[in-house]
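Okay, so here's the structure we're looking at.
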Amino acid sequence: MAAPAPGLISVFSSPQELGASLAQLVAQRAACCLAGARARFALGLSGGSLVSMLARELPAAVAPAGPVSLARWTLGFCDERLVPFDHAESTYGLYRAFQGDSIPVFDLLILGVGPDGHTCSLFPDHPLLQEREKIVAPISDSPKPPAQRVTLTLPVLNAARTVIFVATGEGKAAVLKRILEDKEENPLPAALVQPHTGKLCWFLDEAAARLLTVPFEKHSTL
């Protein structure tokens with residue numbers, strides 16, 4: 001099987017610089033959508049380390065748009081753990097702390113990737129990778145606790161207008177090399193995210209990108 005198209009890869013000198021650039025991109029994407037014909041900006045978010053990153057940078061980036069513009073945002077979660085909202089593992093609970101039959105089309109999805117190559121709650125070799133009918137599916141045997149979750153499926157991820165993967169730290173370096181460079185007969189879940197008509201981007205820090213040999217764009221404040 002041919003290696004998947006890696007998309008645009010941007011590498012930042014630190015997670016802090018990455019977070020600031022990501023927040024600005026979200027704000028710009030929202031402004032472009034709302035200035036056009038669409039009445040709403042649909043944003044899908046993952047949990048994990050993305051929560052603290054966006055909570056730190058996004059409020060200031062979107063503040064100039066004002067409350068009227070923000071009221072036209074539609075916010076969705078790419079996956080969720082079936083725990084109470086006040087539980088430490090609740091994606092909704094963490095984001096709350098800083099405020100159909102057809103496939104839905106998100107303007108922007110921001111996804112993470114695990115050391116095993118999973119994204120959302122789509123794990124390697126799991127039957128949900130073959131799901132083509134459901135847009136949201138339950139999972140009761142997640143290899144990463146908690147076991148019970150719900151997740152967006154690959155058809156939804158691949159229908160998005162823009163998908164941005166965010167990964168930081170040396171612990172992600174080996175799996176990113178597999179996803180972005182290696183030819184595997186059984187690709188990892190994150191490698192299966194290939195928007196049909198949309199744009200795919202990767203936002204990485206230097207530690208996560210240290211093993212890559214494919215071309216990437218280097219960003220620095222220096």
Side-chain angles (χ1 to χ4, degrees), residues 4-12 15 18-19 21-26 29-30 41-55 57-58 73-81 89-92 94-95 103-124 126 128-129 131 134-137 139 142-144 149-169 171-180 187-205 208-209 212 216:
L8 176 64
I9 304 172
S10 298
V11 177
F12 299 85
L18 186 160
S21 295
L22 178 63
Q24 289 298 323
L25 187 150
V26 173
R29 182 75 174 125
F41 169 61
L43 172 65
L45 299 173
S46 294
S49 59
L50 276 171
V51 179
S52 58
M53 180 182 291
L54 290 173
E57 303 289 351
L58 191 55
W73 287 35
T74 297
L75 183 64
F77 297 128
C78 298
D79 71 328
E80 179 60 292
R81 295 78 178 250
E89 294 290 339
S90 169
T91 298
Y92 170 77
L94 290 173
Y95 275 113
I103 299 296
V105 177
F106 282 88
D107 294 302
L108 175 60
L109 290 178
I110 303 178
L111 306 179
V113 56
D116 61 351
H118 84 267
T119 189
C120 299
S121 285
L122 300 171
F123 294 90
H126 195 279
L128 276 183
L129 295 177
E131 179 60 57
K134 298 177 181 176
I135 61 175
V136 177
I139 174 172
S142 167
K144 180 181 178 182
R149 301 163 175 241
V150 290
T151 184
L152 294 182
T153 58
L154 282 171
V156 179
L157 304 185
N158 286 327
R161 295 185 174 94
T162 300
V163 175
I164 301 178
F165 275 102
V166 177
T168 60
K172 303 292 178 68
V175 76
L176 287 171
K177 185 172 181 62
R178 288 181 62 187
I179 293 168
L180 295 172
L188 294 171
L192 296 173
V193 179
Q194 298 285 322
H196 302 310
T197 59
K199 184 178 181 182
L200 176 64
C201 304
W202 291 80
F203 273 32
L204 315 175
D205 69 352
L212 296 182
F216 56 77

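Note that this is a predicted model, so its numbers are computed, not measured.
Going from atom CG of Leu122 over to atom CG of Leu192 covers 9.0 Å, rounded to the nearest 0.5 Å. For the atom pair Asp205 CG and Lys172 NZ, the distance stands at 9.5 Å (nearest 0.5 Å). Here the OG1-CD distance, from Thr151 to Glu131, works out to 11.0 Å after rounding to the nearest 0.5 Å. For the atom pair Leu128 CG and Cys120 SG, the distance stands at 11.0 Å (nearest 0.5 Å). Annotation: the span from Leu58 atom CG to Leu45 atom CG amounts to 8.0 Å, rounded to 0.5 Å.
When each of Phe203, Trp202, Phe216 is tested with Val11 by the rule side chain to side chain contact (heavy atoms under 4.5 Å, CB included), just one qualifies, namely Phe216.
Taking the side-chain contact (heavy atoms from CB on, under 4.5 Å) definition, one finds that Gln24 meets it with Gln28, Ala61, sequence neighbours left out. Taking Ser21 as the reference, nothing meets the side chain to side chain donor-acceptor pair (under 3.5 Å) condition, with sequence neighbours excluded. Under the side chain to side chain donor-acceptor pair (under 3.5 Å) criterion, Ser49 pairs with no residue, sequence neighbours left out. Partners of Val156 under the side-chain contact (heavy atoms from CB on, under 4.5 Å) rule, at least two apart in sequence or in another chain, are Ile103, Pro104, Phe106, Ile135, Leu152, Thr153.
The two residues Ile179 and Gly117 have their closest heavy-atom pair at CD1-CA, 4.4 Å. When all heavy atoms are compared, the tightest approach of Val105 to Ala42 is O-CB, 4.3 Å. In this structure, Cys78 and Leu111 approach most closely via the heavy-atom pair SG-CD2, 3.5 Å. The two atoms that bring Leu18 and Met53 nearest to each other are CD2-SD, 3.7 Å, heavy atoms only. Between Leu204 and Ala209 the shortest heavy-atom distance is CD1-CB, 4.1 Å. The minimum heavy-atom distance between Val175 and Gly114, with the atom names listed, is CG1-O, 3.7 Å.
Looking only at distances, a side-chain donor or acceptor of Ser46 sits under 3.5 Å from a matching main-chain atom of Ile110. Looking only at distances, no side-chain donor or acceptor of Arg178 sits under 3.5 Å from a matching main-chain atom of Ala191.
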Below 3.5 Å, can you tabulate the donor-acceptor pairs from side chains in residues 160-169 to any protein atom, sequence neighbours excluded?
unit_1	atom_1	unit_2	atom_2	d
Arg161	NH1	Asp107	OD1	2.9

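The shortest side-chain heavy-atom distance between Leu22 and Leu50 falls under the 4.5 Å cut-off.
Screening residues 112-122 for salt bridge (charged side-chain N to carboxylate O under 4.0 Å, His left out), with sequence neighbours left out, gives no hits.
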